[in-house]
Amino acid sequence: MNLTNNLKHSTANCIQQLYGVQIQPAQVLVNATNPEFEGDYTVVLFAFVKQLGKSPEILGNELGAAMVAEMKGLITQFNIVKGFLNFSISNDFWFEYIKNANPENLLPSNNHPKKIMVEYSSPNTNKPLHLGHLRNNFLGWSIAEILKLQGNEVVKTCIVNDRGIHICKSMIAWQLFANGATPADTKQKGDHFVGDYYVKYNDAYKAQVAELVAGGMTQALAEKEAPIQKGAQEMLLKWEQGDAETLDLWKRMNSWVYEGFDATYQKIGSDFVKTYYESNTYLLGKELVEQGLTKKVFYQKEDGSVWIDLTGDGLDEKIVRRKDGTSVYITQDIGLAEVKQKEFNTDVSIYVVGDEQNYHFKVLKLICQKLQLPAADGIYQLSYGMVELPTGKMKSREGTVVDADDLVDEMINISKEKTASLGKVSDFTPAQLSELYNTIGLGALKFFLLRVDPKKKMIFNPEESIDFHGFTGPFIQYTHARIKSILRKTGTDINLSLNELLPLEKALAIELSNFPAVINEAAETLDPSKVAIYTFNLAKLFNSFYAELSIANADSEEKKNLRIQLGILTAATLHKGMRALGIDVPEQM
RNA sequence: GGUCCCGUAGUUCAAUGGAUAGAACGGAUGUUUCCUAAACAUUAAAUGCAGGUUCGAUUCCUGCCGGGACCA
């Protein structure tokens, strides 16, 4: 239990003893004391003033005295300002904390570990990954890592949308325009190669429509009649009928795409325990639709289509099977939820999916609940906002998509230039340099996308967003490298003896002690930005400490050892925190 | 038409109903005989509008204005 929780329990306890009133510890608000007042932690009393019929002054005095008595040796004194009860924590407590903290074990304890699935990435096979996918991948990976740090068992999965009309568009364009070319021939990454044919399809389609319109056809009709469009539809039909030639081409082109994806995933550090393919799962919901009809969860309309009425839950009616018997998007998801549950039997299943699908997931969970599927209650969408450009949304048709591979490469290049201009790593081998550029470039990118509350849409400005100063990954990486550099010089073989703590030393100890609570909070709210903000604040605090107080040349051996220990703990915490974001921290930079 | 989300310094982001709304970038000014200046210190600058609830509202409620998403 951390100190904040201790204070909450003690507050509840003392109120119970003094006034016989029951209060839940969770109701007690404990904050860090505002720096302009004396104290370390503050209990906010206003909430209890009315309930207990006491003025804040009297309540504060009685409660403060009782808590000092109860937590003797821990709390040294208290003061009251309006309704704020400020407690000072003893120097010895913080010293003991610093002395006993184990840099190898900084994590929260968890008595109720869960088995949690995190599904993320979810690409289409007709286009390469873009900036939006990067946010998804980084979020998914990070939240999985944070949940692991909290002590849970995590299964990372991916669903690949590998079928449908959009894939057929790439396929027909390839047949028409490629002359049998392959990614190997053109020395192109497979996903980009296939994506280019998707673009070529759209160009050809537009040209054909324009031609038909010029020949006197209406726009609407032309859009239906364009030969390439008809070709794609025929191809989809052949695919569904299992036509061997079509399937061969489909497999061949998808394998190119997967090769490209794998390269990107490896570069950005995404991995999966299991990858599902929609081509294998898209029929799975059908059985459940039949069951739902029997259970009268669904009903059939006169035209034969199958629906569910969710108006009682504040939503609409939703179709789950078309009149021609084909399943819709949500039917597939119901089937997949069931399959995943059978395979992994998880307590919770988190889907990392953009907020444009909020409604879809609300419906999905409701339907699963009404069907009484075991997976139902565990379904949770980690909904994240769009990444927009200063000019607005990314639009592939207008060529304003920021390509994931391009962006990653650019970040690495910038980190290379920046590192070279500082000239601090002249002793690195070429391989070490290359690794360092990757670490810094990806660190900057990941941190940039993860430092914002996932729920909010964010703006990415290609010119201005790339920064290596201030609230960035490289700032924290630099702080870590700097600590490591100092520790290499001072050594880390130390013996700690009791010290009076200076304000900056104490502030660092307090900040360090918050780490487990931050991990818990990030895990509970599925919000890696909490970890990003925390690591930044810790690094900033250490940099102030560093500028103010010398470690290697401290006034006394005791001080030196104390500060070395603070350095060890800070470095370890930054390392753990950044790893939770999928970011490495270099030993030197 | 219905449902949902979002409006905070010039810009990008913070702030479980709590003390004088924090950071970063950009702007201004300083700090390098001493442990990594990708750093540190000082400084100017913001809650869309109008009501309401509350001891206290960026946060909750209502209306309006502006931006976005989804469902037909």
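Reckoned from all heavy atoms, side chains included, excluding hydrogens, waters and symmetry mates. Letters A, B, ... are given to chains in the order of the sequence lines, protein chains preceding strands, and every chain is numbered from 1.
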Using atom [atom1] of each nucleotide, how far apart are [N] and [M] to the nearest Å?
| N | M | atom1 | value |
| --- | --- | --- | --- |
| G2(B) | G63(B) | P | 12 Å |
| A21(B) | U58(B) | C1' | 8 Å |
| U43(B) | C25(B) | C1' | 16 Å |
| U31(B) | C49(B) | C1' | 45 Å |

Checklist entry - Heavy-atom contacts under 4.0 Å between residues 475-483 of chain A and RNA chain B, which residues? => result F475(A), Y478(A), A481(A), R482(A)
Checklist entry - Near RNA chain B, which residues from residues 51-65 of chain A have a heavy atom under 4.0 Å away? => result none
[X] side-chain N/O to [N] phosphate OP1/OP2 under 4.0 Å:
| X | N | answer |
| --- | --- | --- |
| H360(A) | C70(B) | no |
| K456(A) | G7(B) | yes |
| K455(A) | C5(B) | no |
| N553(A) | C34(B) | no |
| K484(A) | C35(B) | no |
| Y359(A) | A72(B) | no |
| S544(A) | A41(B) | yes |
| K489(A) | U36(B) | yes |

Checklist entry - So, D453(A) and K456(A), do they make that salt bridge, N to O below 4.0 Å? => result no
Checklist entry - What class does the angle between the rings of H480(A) and H575(A) fall in, given that below 30° is parallel, 30 to 60° is tilted and above 60° is perpendicular? => result tilted
Checklist entry - Between F87(A) and F78(A), what is the ring plane arrangement, given parallel below 30°, perpendicular above 60°, and tilted in between? => result tilted
Look at all strands and tell whether [X] reaches a base, only sugar-phosphate, or nothing, counting heavy atoms closer than 4.0 Å.
| X | answer |
| --- | --- |
| F37(A) | base |
| V452(A) | sugar-phosphate |
| I440(A) | base |
| D313(A) | nothing |

Next on the checklist: Ring of Y546(A), cation from R482(A) - is the NZ or CZ under 6.0 Å from the centre and inside 45° of the axis?
Outcome noted: yes
Checklist entry - Does N31(A) make a side-chain donor-acceptor contact with the base of A15(B), cut-off 3.5 Å? => result no
Checklist entry - Taking atom types as they are modelled, is there a donor-acceptor pair under 3.5 Å from the base of A19(B) to the side chain of T42(A)? => result yes
Item to check | Q381(A)/N358(A) under side chain to side chain donor-acceptor pair (under 3.5 Å): CA gap, chis, key distance, verdict | outcome: CA-CA 8 Å; Q381(A) 180 197 6; N358(A) 286 358; 3.2 Å; yes
Checklist entry - Could you give the NZ-to-C1' distance, from K457(A) to G66(B), as a whole number of Å? => result 11 Å
Checklist entry - How long is the line joining CG of L504(A) and P of C40(B), in whole Å? => result 12 Å
Checklist outcome for this item: Letter by letter from the 5' end, nucleotides 43-48 of chain B scores (B base, S sugar-phosphate only, - none; protein heavy atoms under 4.0 Å) ------
